[in-house]
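First up is the structure itself, then whatever we jot down about it.
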Protein chains: 2
Amino acid sequence: MTDHPSANLQISAAPGGDSKPAKPDEFVEALAKGISILESFDAANPEMTLSEIARKVGYSPAAARRSLITLMALGYVGQTNKRFHLRPKIMALSSGFYYSAQIDEVLQPHLRELVAKFGDASSVGTLEQRDVIYIAHNSVQRARRAAAVVGARYPACATSLGRVLLAGLSDGELDRYFDGLVIEPLTSKTIVDPVQLREEIEQVRRDGYSTTVDQLDYGITALAVPIRALDGRTIAALNTSGYSGMVDADFLIANRLPELRATASRIANALTRYPMLVSIIGS
Amino acid sequence: MTDHPSANLQISAAPGGDSKPAKPDEFVEALAKGISILESFDAANPEMTLSEIARKVGYSPAAARRSLITLMALGYVGQTNKRFHLRPKIMALSSGFYYSAQIDEVLQPHLRELVAKFGDASSVGTLEQRDVIYIAHNSVQRARRAAAVVGARYPACATSLGRVLLAGLSDGELDRYFDGLVIEPLTSKTIVDPVQLREEIEQVRRDGYSTTVDQLDYGITALAVPIRALDGRTIAALNTSGYSGMVDADFLIANRLPELRATASRIANALTRYPMLVSIIGS
DNA sequence: GGAAATATTTTCGGTATGCGAAAAAAGGAC
DNA sequence: GTCCTTTTTTCGCATACCGAAAATATTTCC
């Protein structure tokens with residue numbers, strides 16, 4: 001129970017064998033535990049019993065219970081009968097980040113523009129460990145399910161945004177990404193072979209864009225390009241996506257790539273006026 | 001440092017004098033501390049130094065530092081030079097709530113409809129302690145600054161949503177809300193007198209709607225109505241808002257109230273098909 | 001530039017605090 | 001009714017967290 005899932009991509013060069021995460025020795029276990037319980041709620045498990053939670057996070061029922069009681073007292077978790085669930089207050093945490101970083105003001109206008117021009121959907125995402133996190137999103141009405149909601153988190157390797165972001169890593173960082181990577185397929189088309197993924201990422205580096213078809217889920221086809229800081233570092237990625245069948249990869253490249261790139265560079269340009277946002281988004 | 005801001009409106013009938021929050025005796029202090037540090041980041045303080053944070057939350061620098069180190073290891077907090085800030089991963093926590101509760105699917109269509117009809121903006125909010133939390137929002141081309149972003153948290157007394165939600169409390173709960181309440185004005189028009197606020201809320205109870213002008217911030221005029229469960233309990237509130245000058249309270253009441261109420265009842269109706277959402281949103 | 005003030009990091013010993021095992025109590029299944 | 005699972009409580013132990021204070025670094029201001 002002493003190993004933390006935090007992989008700390010950037011910290012510790014960690015040459016080879018000893019792959020222990022080398023946690024900083026001042027570390028509040030109880031805090032990490034409580035947060036990992038918050039993390040354990042997801043789309044697949046919106047409400048769970050105590051024992052389910054304890055099993056999922058790997059703590060004793062007693063410990064899980066203590067954390068849950070605390071989280072309930074704080075208003076982040078609720079309980080109906082024997083099942084626990086997150087409460088709306090959890091969203092207030094993210095709002096602190098959200099508009100402190102002025103994400104909406106800076107990004108939404110550009111996303112709206114893209115969606116107005118091409119329809120479908122457009123998102124901006126950033127890399128967090130091995131996942132891509134969507135920090136802004138815009139889409140046309142098109143209900144069905146909201147595939148990408150702000151704050152959504154998906155394996156980087158299975159999304160166009162993620163592959164562009166991975167392509168933007170240094171070789172060393174990329175090596176660390178692949179170190180011990182196991183990809184579980186989300187669709188039958190998901191690339192699961194690390195070697196193949198690496199080739200794909202090298203290709204993205206050459207092309208400067210990435211397309212994915214049915215990688216994250218069936219029906220999603222997307223095209224992404226990097227958003228680069230002045231120094232060339234990839235700090236985020238921008239995509240446009242539609243439903244497979246309505247669009248395909250070649251269509252996106254032919255019709256949307258130039259405008260997507262132009263928008264990415266406009267965003268990059270706008271970001272120079274928000275240095276804090278850059279430092280927050282970039283690791 | 002032993003009193004927690006959690007007021008626990010629902011727990012403990014607490015007849016009179018003894019107003020100690022009566023925290024459950026199993027309570028993980030370290031977890032609460034760490035989370036209160038996450039909470040300390042807001043629009044006014046997007047990045048802070050260690051000592052600023054320690055002062056703001058009232059812990060020793062050493063303790064604050066331990067929590068921050070932990071939160072950094074977990075990826076929720078970052079640091080540039082001497083200043084700490086939230087990282088995008090914080091949004092992933094809320095996404096667990098957000099689409100686990102299927103909020104988008106259920107609420108957005110109705111909000112879109114309202115915005116399509118009236119323009120301006122429309123939101124759904126719920127009560128959390130003394131604050132209203134925006135759980136869904138839709139607006140036309142985001143003018144000026146993004147006033148209400150999902151997850152935003154404002155004093156209930158200063159918003160139309162909040163007053164409707166307060167009006168939906170039982171007398172006992174309302175008493176507890178007012179107990180020790182101090183309202184700090186956000187504009188020169190903000191109601192700060194508890195007696196006056198209570199009268200206003202009584203009026204909202206009679207009317208079944210609430211209007212606010214320049215209460216939360218200059219330029220915001222809003223009209224809100226309750227969303228009621230089958231048993232009559234107010235579980236959320238729905239509003240429509242525009243810029244003062246473009247619209248005024250009477251205009252909203254005359255032109256939008258009927259449709260707003262109709263939408264509220266359509267939402268209430270839709271919610272019956274999502275019992276979990278009701279139990280999550282309702283306290 | 002140097003001195004004073006402030007902020008950050010580290011150390012350290014004590015104790016409150018969180019820990020898990022195990023027992024007790026409460027539900028559920030059949 | 002009995003068995004099995006889950007939840008809650010108890011309890012003694014170990015340690016993880018604590019704050020004060022010293023040591024170091026950084027900033028401020030003259």
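Within every chain, numbering begins at 1; the chains are lettered A, B, ... in the order of the sequence lines, protein sequences first and strands thereafter. Note: hydrogens, waters and symmetry copies are ignored here, and every other heavy atom, side chains too, is used.
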Calculate the interatomic distance between [X] atom [atom1] and [N] atom [atom2]; express it in whole Å.
X: A/F27; N: D/dC18; atom1: CZ; atom2: P; result: 13 Å
X: B/E29; N: D/dA16; atom1: CD; atom2: C1'; result: 14 Å
X: A/R83; N: C/dG28; atom1: CZ; atom2: C1'; result: 14 Å
X: A/I53; N: D/dT8; atom1: CD1; atom2: P; result: 11 Å
X: A/L68; N: C/dG18; atom1: CG; atom2: C1'; result: 15 Å
X: A/N81; N: D/dT6; atom1: CG; atom2: P; result: 17 Å
X: B/L31; N: D/dC18; atom1: CG; atom2: P; result: 12 Å
X: A/Y59; N: C/dC19; atom1: OH; atom2: C1'; result: 13 Å

Short side-chain N/O contact to C/dG18 OP1/OP2 from A/K33, under 4.0 Å: no

Protein-to-nucleotide contact annotation, 5' to 3' order, nucleotides 5-11 of chain C [B base; S sugar-phosphate only; - none; under 4.0 Å, heavy atom]: --SSSBB

Flag for A/Y218-A/S188: side-chain donor and acceptor within less than 3.5 Å: yes

Between B/S36 and B/E39: side-chain donor-acceptor atoms closer than 3.5 Å: no

Lys NZ or Arg CZ of A/R130 over A/Y177 ring: under 6.0 Å, within 45°: yes

Which atom of A/A237 lies closest to which atom of A/V164, heavy atoms considered: CB-CG1, 3.9 Å

Side chain proximity check, B/Q129 to B/D131, heavy atoms < 4.5 angstrom: no

Lys/Arg-Asp/Glu bridge criterion (N-O < 4.0 Å) met for A/E26, B/R65: yes

